[in-house]
Amino acid sequence: MAKAPVLTPQAEDFPRWYQDVLNKAELADNGPVRGTMVIRPYGYGLWERMQAEMDLRIKACGAENAYFPLFIPESYLKREADHVEGFSPELAVVTHGGGKELEEPIVVRPTSETVIGEYMGKWIQSYRDLPLLLNAWGNVVRWELRPRLFLRTTEFLWQEGHTAHATREDAAAYAARILEDAYRAFMVDILAMPVLVGIKPSYDRFAGAINTLACEGMMRDGKALQMGTSHELGQNFAKAFDIQYLDADSKQQLCWTTSWGSSTRMVGGLIMCHGDDRGLRVPPRLAHIQVVVLVIRDEDGAGGVAEGIHDELVRAGVRSRLDDRVDTAFGRRSTDWELKGVPIRLEIGPRDVADGQAVLVRRDTGEKTPVPLTEIATTVPRLLEQIQADLLAEATTMRDERTTDVDSVEGVLEAASTGFARVPWPVVAGEQAAARLGTKAVTVRCIQREDGSVPDDEDEDGLYAICARSY
RNA sequence: CGGGGAGUGGCGCAGCCCGGUAGCGCACCUGCUUUGGGAGCAGGGGGUCGCAGGUUCGAAUCCUGUCUCCCCGACCA
């Protein structure tokens with residue numbers, strides 16, 4: 001009799017599989033207030049690694065970290081018409097403080113364009129102060145009607161970047177640079193997710209933006225997930241918050257600003273892009289535990305050998321964890337690490353000690369190979385890189401196989417039931433076409449050039465729309 | 001807000017129709033035996049059955065009210 005599967009199989013019920021993974025891999029729990037999320041240590045470890053890698057790339061693009069307040073005066077939101085209209089439905093508003101009703105309600109930030117705009121206005125005097133490149137790590141609150149852990153929660157963690165530039169060209173170039181050098185590079189190189197990039201249709205722009213760029217990843221059920229966005233805000237916020245500078249000719253000029261964000265949603269994307277029926281599969285470059293050295297039974301010195309291997313790996317720069325909890329059955333422990341998606345397991349028991357080897361198990365393929373103890377410190381780092389590359393290749397193949405070129409709305413609907421549809425943009429550009437897509441929950445995810453690059457605007461000739469169902 | 005469902009140990013559920021003061025699986029604790037893929041056996045701890053009224057000798061079960069949560073649709077990183 002086969003044992004019941006640890007997780008609901010993906011093919012049977014994908015959302016349930018996702019829930020099962022969150023629970024069994026100890027990633028997150030629902031918080032006490034609807035829509036809130038408790039991120040457990042293993043899940044937070046994934047986020048911390050994402051933060052570290054993203055932070056490097058953001059700083060490499062020249063931005064500096066700063067912090068802005070959680071509380072925003074309601075009046076700030078109202079200064080930019082589109083912005084307040086877009087965010088009003090999802091605001092949490094504080095009306096009481098210190099036991100008294102407040103004179104002016106305070107909004108819990110849904111995003112920080114307004115406060116940061118206010119301070120940019122104060123800090124920027126001359127063209128010598130530009131560009132001003134800021135980034136903030138924090139939490140934001142957007143009241144969600146249908147929350148899902150990591151993918152859409154009322155409170156979530158993210159980074160939001162805000163920049164001010166002297167010219168429109170400079171702002172546009174920076175928004176594009178962040179999308180490419182920070183977001184896309186991170187998602188492809190670290191998360192092993194082959195995201196598509198493009199611009200959003202004008203009706204789907206960020207509230208207050210003149211252009212929105214985005215990265216879209218494909219999940220294993222064929223749905224799309226937006227994983228990072230970068231906005232050109234034009235001079236909308238500069239006008240609303242008086243962000244001006246004196247140019248070299250001593251003339252007052254309005255700044256051009258941008259904003260860009262990536263959130264804990266990426267954790268959900270990671271799970272749904274690489275996870276299989278045995279659990280999570282964490283790409284090695286991201287994994288905060290890359291290798292677990294598992295003592296099968298502590299007999300004939302197996303425990304000591306395992307500890308030695310673990311130490312050797314740590315010295316070789318591998319993020320290794322020793323599992324010597326021999327009071328728990330071996331099968332249980334290996335299943336648990338598999339659920340958590342640790343890329344490599346090294347299993348060491350008495351038989352291995354006798355043979356001078358360890359059994360190396362790849363999480364991505366399940367393949368088991370005996371490796372001489374003397375070769376582990378050189379084999380493992382190489383294999384970690386191989387697994388990283390293989391996961392990216394697998395995800396890329398999946399995406400390509402499930403992306404269909406079509407040339408009609410009917411074709412889009414057909415293709416989007418199982419994956420992405422790539423269609424000439426004019427076919428779905430109209431309001432009417434969008435409405436027809438909407439009946440099957442299909443949306444235009446992004447608009448790109450034929451070669452997959454990011455267009456300047458949606459009016460260029462020869463553009464394609466990527467359409468899909470989405471999270 | 002429209003449509004559907006559910007509230008019973010930490011989690012998942014049964015019991016309700018035919019009232020008699022609570023049960024199962026998983027998890028947890030102790031002991032022994034185990035440990036090369038989710039251990040076995042024995043013992044044990046833990047629930048005023050969402051809340052408030054009512055009916056009754058007696059309510060998880062029947063009646064009324066109320067609250068909450070989940071699923072499907074419209075907004076969103």
Side-chain angles (χ1 to χ4, degrees), chain A residues 2-8 13 15-16 19-20 22-24 29-30 32-35 85-91 110-111 139-148 150-161 183 200 203-207 209 212-217 224-231 259-269 278-279 294-300 302-303 323-339 345-355 357-359 361 366 368 370 435 438-441 443 445 470-471:
Chain A
K3 283 190 173 116
V6 180
L7 304 169
T8 305
D13 185 344
R16 181 129 179 229
Q19 288 293 352
D20 285 354
L22 294 178
N23 280 256
K24 301 238 168 135
D29 262 335
N30 280 305
V33 172
R34 179 183 162 79
E85 191 188 328
F87 279 106
S88 290
E90 38 189 342
L91 293 181
T111 178
N139 55 341
V140 285
V141 168
R142 298 179 186 178
W143 217 257
E144 288 294 345
L145 304 177
R146 293 195 54 203
R148 297 192 65 184
F150 287 118
L151 301 174
R152 193 187 296 108
T153 48
T154 285
E155 179 191 7
F156 58 90
L157 307 182
W158 75 344
Q159 61 74 35
E160 51 177 317
Y183 294 167
K200 287 284 179 185
Y203 55 79
D204 199 22
R205 281 178 195 144
F206 175 78
T212 287
L213 292 65
C215 295
E216 295 282 335
L225 182 72
Q226 183 174 321
M227 297 182 53
T229 51
S230 186
H231 315 288
S259 69
W260 25 279
S262 65
S263 72
T264 36
R265 172 179 272 188
M266 290 191 291
V267 177
R278 291 166 167 270
L294 205 53
V295 181
I296 294 171
R297 277 179 295 148
D298 190 10
E299 289 168 22
D300 303 335
D323 181 356
D324 57 2
R325 301 169 300 164
V326 288
D327 55 345
T328 300
F330 165 75
R332 158 64 64 175
R333 290 182 289 141
S334 55
T335 303
D336 284 348
W337 290 118
E338 204 163 66
L339 279 164
R345 284 203 312 280
L346 285 168
E347 303 176 347
I348 299 176
R351 295 211 296 263
D352 302 299
V353 173
D355 297 342
Q357 65 172 41
V359 176
V361 189
K368 297 184 182 184
T439 60
K440 291 271 174 66
T443 49
R445 304 313 306 162
S470 68
Y471 281 96

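Please read all numbers here as calculations on a predicted model, not as lab measurements. Throughout, a chain's letter reflects where its sequence line sits, starting with A, and its residues are numbered from 1.
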Q: Does A:Glu85 CD have over 12 foreign heavy atoms under 6.0 Å away?
A: no
Q: With rounding to the closest Å, how many angstrom separate the C1' atoms on B:rU30 and B:rG15?
A: 31 Å
Q: Using a 4.5 Å cut-off on heavy atoms from C-beta on, say whether the side chain of A:Val326 contacts that of A:Arg333.
A: yes
Q: Please give the distance between the C1' atoms of B:rU61 and B:rG4 as a whole number of Å.
A: 24 Å
Q: For B:rG7 and B:rU66, measure between their C1' atoms and round to the nearest Å.
A: 14 Å
Q: Check each of A:Gln226, A:Arg445, A:Glu216 against A:Ser470 using the side-chain hydrogen bond (donor to acceptor under 3.5 Å, both in side chains) test, and report the only one that passes.
A: A:Arg445
Q: Which string of ( ) [ ] | and . matches RNA chain B, if you list each base 5' to 3' and count Watson-Crick or G-U pairs only when both distances are under 3.5 Å?
A: ((((((((.[[[[.)....(..]]]].((((((.....)))))).....[[[[[..)....]]]]])))))))....
Q: Can you check the distance between B:rC49 and B:rA6, where both ends of the measurement are the C1' atom (answer in whole Å)?
A: 14 Å
Q: Quick one: does A:Asp352's side chain have a donor or acceptor within less than 3.5 Å of a partner on A:Gly349's backbone?
A: yes
Q: Determine the Euclidean distance between corresponding C1' atoms of B:rC69 and B:rG31; express it in Å to zero decimal places.
A: 41 Å
Q: One character per nucleotide, please: for nucleotides 71-77 of chain B, 5' to 3', B when the base has a protein heavy atom closer than 4.0 Å, S when only the sugar-phosphate does, - otherwise.
A: -SSB-BB
Q: Residues two or more places apart in sequence or in another chain: which of them pass side chain to side chain donor-acceptor pair (under 3.5 Å) with A:Arg146?
A: none
Q: Would a distance-only check, ignoring hydrogens and angles, find a side-chain to backbone donor-acceptor pair under 3.5 Å from A:Asn139 to A:Val141?
A: no
Q: Polar-atom pairs under 3.5 Å, protein N or O versus N or O of nucleotides 33-36 of chain B: list them with distances, or write none.
A:
unit_1 : atom_1 : unit_2   : atom_2 : d
B:rU35 : O2'    : A:Ile296 : O      : 3.4
B:rU35 : O2     : A:Val326 : O      : 3.2
B:rU35 : N3     : A:Val326 : O      : 2.9
B:rG36 : N7     : A:Arg297 : NH2    : 3.4
B:rG36 : N7     : A:Arg351 : NH1    : 3.2
B:rG36 : O6     : A:Pro350 : N      : 3.1
B:rG36 : O6     : A:Arg351 : N      : 2.3
B:rG36 : N1     : A:Asp352 : OD2    : 2.5
B:rG36 : N2     : A:Asp352 : OD1    : 3.4
B:rG36 : N2     : A:Asp352 : OD2    : 2.4

Q: With C1' as the reference atom in both, quote the distance from B:rA59 to B:rU21 in angstrom, rounded to an integer.
A: 9 Å
Q: Counting only N and O atoms by type, is there a donor-acceptor contact under 3.5 Å from the side chain of A:Arg205 to the main-chain atoms of A:Thr212?
A: no
Q: Sequence neighbours excluded, which residues qualify as ring-ring contact (aromatic ring centres under 6.0 Å, His included) partners of A:Phe206?
A: A:His83, A:Phe87, A:His231
Q: Roughly how many Å is it from CG in A:Leu339 to P in B:rA27, rounded to a whole number?
A: 14 Å
Q: When the distance from CZ of A:Arg332 to C1' of B:rG40 is rounded to whole Å, what number comes out?
A: 14 Å
Q: Does A:Thr154 reach the main-chain N or O of A:Glu144 with its side chain, forming a donor-acceptor pair under 3.5 Å?
A: yes
Q: Could you tell me which residues satisfy ring-ring contact (aromatic ring centres under 6.0 Å, His included) with A:Trp158, sequence neighbours excluded, listed by chain and number?
A: A:Phe156
Q: Indicate yes or no for a side-chain donor-acceptor contact from A:Tyr183 to the backbone of A:Gly261 under 3.5 Å, with no hydrogens or angles considered.
A: yes
Q: Any carboxylate oxygen within less than 4.0 angstrom of a Lys/Arg side-chain nitrogen, looking at A:Glu338 and A:Lys24?
A: no
Q: Given the C1' atoms of B:rC16 and B:rU34, what is the spacing between them in whole Å?
A: 43 Å
Q: Whole angstrom is fine here: how far is it from CG in A:Asn30 over to C1' in B:rC11?
A: 13 Å
Q: C1' atom, B:rG19 versus B:rU55: distance in rounded Å?
A: 11 Å
Q: Regarding A:Lys368, tell me which of base, sugar-phosphate or nothing describes its non-hydrogen contacts under 4.0 Å with the strands shown.
A: base
